[in-house]
Structure formats: C-alpha cells, structure tokens
Amino acid sequence: ELIGTAIARHPDAPAVVTGSAGSEVTHTYADLDRRAAGLAHRLAEAGVRRGDVVALSTSRSADMVAAMWAVVASGAAFLPIDPTYPPTRIAFMLAHAAPAAVLVDATGRAALDVPAGIPVVSIDETPAVDVALRPCAVHPLDAVSVLFTSGSTGEPKAVVGTHGALANRLAWAATQWPSDIRLAKSSLSFIDGVTELLAGLTAGATTVLADETAARDGRTLAELVARHGAGQLLTVPSLAEALAEEHAEELRTLRRWIVSGEALETTHLAALRTACPDASIVNSYGSSEVTGDVLAGEQFADGITLGTAVPGAGIHVLDDTLTELPAGVIGEIYVSGVQLARGYLSRPGQTATRFVAGPDGQRLYRTGDLGARLGDGRVVYAGRADEQLKINGHRVEPAEVEAALTRLSGVREAAVVGTGSTLAAFVVGDDVPAPEALLASLARHLPRHLLPTTLIVIDAIPLLPNGKRDTTALRAMAAPTADG
C-alpha cells in the first residue's frame, strides 16, 4: 500500500536508474507499475494466491524491482534467490521454501533447476500492461518475505517477514532518512538490500541501482554517487571507510551515511568525517528477524552507540532470567514490537529458542548480541553471547561452514573462526586434499560470503582445559597466513 501510494502521487517521477555510464535508463514510477501489473497478472494465471511464496531470481535491473513489487502486491511472499549461488544451495532453498511459482529473467532461468510442477514465469516474455496495479488486501501478519540466512545447525534457515513489519520499517525510514537521490547496491538476499530498495520507492525518491559489477567495485560505486549526486549511501563500516579514503572527491554530494552490518569503530568515523565533513553518520542495528533496523542514531563526539529504538520497536537489555537491567549494566539485547518476523520457516524448534515470551507475555526476539543502555536511552554494543560472526556485513554461523567442510572427502573435523574481515578454516582428517582443492569443492556448496579466505590442514583442533575449542589459538595460527 505504501508503494502504491507513492506511485499514485509521483507517476511520472524517476523511480529507478539502471545501466552503466553512457547507457543509463531512467524508469518512472508509472513504468514500474505497468511492468509489475503485467507480472502480477501472470502470477495470478499461474495460481499464485495471497500467502503463497514466490521465488525471484534475476539480474540487478528495473525488472527485478518490478518483479518484487508484483509479488508484494499479489499478497505473496518473495523469496530472493541470487543466481550466482551454487546449484546445491539454490536447490536447498527451493526444496525448503516450496514456492508456488518462480519468477526469472534470462540470468535466473540459466541458474535455476526448478523442480517439476512449479510454474516458471519468464519476466522477459511478460509485457507491461497499461493498467494500474491494484494491491491485494493483506493482514499485517501475512508473510511478505522469505530470506535465508546462515544457520547454526549446519543448514541455512529462512526468516519469514510480515507485511506489517516491513510497512513499519519503510514508513519510519521515509520520514527519518529523507533523500531525493539514493544508491542501492545490496543483494535482495539480505534484509538491508530489501529495505534499501523499497525505502526509496516508498519515499518517492530516485534510486540508482548498482549492477552486479558496480556493487562489488568501490571506484564504480563512488562514480555512481558523483554522477547522480546521490545524497544517501548505506553500507558496512569497513566499505564506507575504504570508499572515504580512496574516493573522497566523488562522495562530496553525500549528506547521510547509514552504516550497518558490523561494529562501527572510531577509525571508520574519522575517515567518513574527513571525506564528508558536512554529512551525518547514522549507525543502525538490526537483522532479518526484526525486518532490518530497530536501533539507529547519528554519531557524535561522545562515543559510538547503536542509537535509540526506532518507532514501533522496543529494545530490552535483559539478564539470564529475562529481567531488565539498569543503565550501564551489560546484558543480552532483546527486541519487541511490530517489526518482529514470524520466525523460521518450518523450523519450530529454532523459532522457539529465538522468539520467546517475556515476563509480561510480550513476544521478544533474542538477538544474541550483548549491550548496555545509557542513561539517555541509547544502547552501546558489547559483543556476542554466542559464536556467530559478522563478516563484511554478512551473518556467518561457523557451524554451517564447518558442516559443509566435514561433508567433503577426507575431512573428519573442521573449525572456523573470524579473522577481522575474513574467515579462516581448519580441517583435520586422513588424506585431506590440498587446501586449494578443498576450497574449490566448498565453493560448489556455499555462497561467496560463507567461503573462508584461508584454509589450513592441522593434526588436531586445539582445545581449552574445559574441552571447548581454543579460538584464540586458532586465530593466532591463521594470522601469519592471513597477513601474508
């Protein structure tokens, strides 16, 4: 409904800009709506109904945007599938989510082996229609998205987001983070990619869509900012720092940095302030389970914080008995409010461990992050309560990578640790193949962001006196290799 309202208000305004320098194309809100209307009609013909799941696999194009809008307006939930993922990963996602239909362009069609019986709708073969798309009436708790994330049990898990949660996230961002021109570079496979794109449409802004090449190249990203005069950029702090240090001149139009996905550090802030002294720097915090950001705040000279709760979200710092802790005391961060997801698709046990009932009966999401509340309501980050890692903004459960490694020939045991912005893996076994061969085999099963940069064959995994893995020793073993 929010997107439909924006289309009605600004039908001839530029909505999305695609393509590279010299061949860019501007698509208006009405263009996207006509394209989405044609796709929604085809989905209805394929039998898609409110509450169904529709898989979406495309290149980064205006058709990707129209396809996502078509699914949402149909009352269904979109399941983004990155066509660069390994075939085994894609097959798992399709089998687990059991979509009612699959939307693909030529890139997606080449990447997906769709099981028999699931209708495939070709975006390339579906014409736009000159009829306004009329969104299906939905309930706030109806599913709107199915986003796979790294799983601690050795398999990825799918977070089911809701229409009400996404609407709340987009509504407050449209007023708190206004920007006429913004850049979208993140994959739709991650919640930041979804909100980054849809927030622009909801706000009636122009979104410059970085293609696959530009999304991974700092210079090209900076050139996009400069060429279009973008005022807002969302990225992980480490990439923001690199852009600021290497391409400051191209970033002069930025009025707001939104940094998310990994811990913000003083070195990041210093680089951004030097490159863009007049820009605000907003640190935001969240996850797929809470539909993106639930804490956000501009950063000032009094120290780095996660900010305060966004509208519609409740933030709680609790002890092991779920008792609220006083200001200044470190506990685990829990989230309540309308942005909570339903849970994990077909994973009732995992859902029950993360989505819990608080003492007053309200539903809480247990983040696994540690933090403390300041006297003014802002929250400071204090690390993790478990082994989950954040690598370049991506959630990584070491257990999933370890499970994939132990399924490879010759590997009996595996351990994975974070070494700054990379992963290091250690394997034990008999007749283990060379590290290069193991990594090549692993790449056939895991997406790029879960692949270790370093792999070392060792005789035994080092242990602490209590029998747990000695991750400090493992990181020390990886350090010479990672640096050299």
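Computed from heavy atoms alone, side chains included, the values below leave out hydrogens, waters and symmetry copies.
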Without hydrogens or angle criteria, can the side chains of [X] and [Y] be said to hold a donor-acceptor pair below 3.5 Å?
X: H247; Y: E223; value: no
X: R378; Y: T308; value: no
X: E262; Y: S238; value: yes
X: E298; Y: S280; value: no
X: Q339; Y: R169; value: no
X: S61; Y: D105; value: no

Begin from the C-alpha positions of D293 and I191 and carry the test side chain to side chain contact (heavy atoms under 4.5 Å, CB included) through to its verdict.
CA-CA 9 Å; D293 312 289; I191 188 61; over 6 Å; no
Should the pair F355 and Y365 be assigned to parallel (<30°), tilted (30 to 60°) or perpendicular (>60°) ring geometry?
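Answer is tilted, since the angle falls between 30° and 60°.
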Counting N and O atoms only, with roles assigned by atom type, does the side chain of T88 sit under 3.5 Å from a partner on the main chain of R444, one being a donor and the other an acceptor?
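Checking the backbone N and O of R444 against the side chain of T88, a donor-acceptor pair under 3.5 Å is found.
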Short side-chain to backbone donor-acceptor contact, Q299 and L269, under 3.5 Å
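No, because the side chain of Q299 does not come within donor-acceptor range (under 3.5 Å) of the backbone of L269.
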Under the rule for ring-ring contact (aromatic ring centres under 6.0 Å, His included), what residues qualify as partners of Y334, not counting sequence neighbours?
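Testing Y334 for ring-ring contact (aromatic ring centres under 6.0 Å, His included), a comparison that skips the adjacent residues, returns none.
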In a check of side chain to side chain contact (heavy atoms under 4.5 Å, CB included) between L209 and each of L183, T18, V17, which one passes?
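Answer to the side chain to side chain contact (heavy atoms under 4.5 Å, CB included) test with L209 among L183, T18, V17: T18.
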Passing option when S260 is tested against P237, S287, S284, S186 for side chain to side chain contact (heavy atoms under 4.5 Å, CB included):
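Single side chain to side chain contact (heavy atoms under 4.5 Å, CB included) partner of S260 among P237, S287, S284, S186: S284.
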Please report the closest heavy-atom contact between [X] and [Y], naming both atoms and the distance.
X: W69; Y: G4; value: CH2-N, 3.7 Å
X: V396; Y: L423; value: CG1-CD1, 3.9 Å
X: A279; Y: W257; value: CB-CD1, 4.0 Å
X: S150; Y: E397; value: OG-N, 2.8 Å
X: L340; Y: T162; value: O-OG1, 4.4 Å
X: G368; Y: R354; value: N-NH1, 3.5 Å

Go through L32 and L201 one step at a time and tell me if the side chain to side chain contact (heavy atoms under 4.5 Å, CB included) criterion holds.
CA-CA 10 Å; L32 290 181; L201 296 180; 4.1 Å; yes
Which residue pairs satisfy the ring-ring contact (aromatic ring centres under 6.0 Å, His included) criterion with at least one member in residues 160-207, sequence neighbours excluded?
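Every pair satisfying ring-ring contact (aromatic ring centres under 6.0 Å, His included) with a residue in residues 160-207: W172-W177, F190-H394, F190-H449.
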Worked check of side chain to side chain contact (heavy atoms under 4.5 Å, CB included) between L364 and H316:
CA-CA 9 Å; L364 302 172; H316 315 267; 3.8 Å; yes
Any pair with a residue in residues 56-84 that passes salt bridge (charged side-chain N to carboxylate O under 4.0 Å, His left out), sequence neighbours left out, goes on the list, sorted by first then second residue, please.
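Only R35-D63 qualify under salt bridge (charged side-chain N to carboxylate O under 4.0 Å, His left out).
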Looking at CZ of R256 and CD of Q176, how far apart are the two atoms once the value is rounded to the nearest 0.5 Å?
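Result: 10.0 Å between the selected atoms.
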Report the C-alpha distance between L56 and I81 in whole Å, list the side-chain angles of each, state the deciding distance to 0.1 Å, and finish with yes or no for side chain to side chain contact (heavy atoms under 4.5 Å, CB included).
CA-CA 6 Å; L56 170 63; I81 297 181; over 6 Å; no
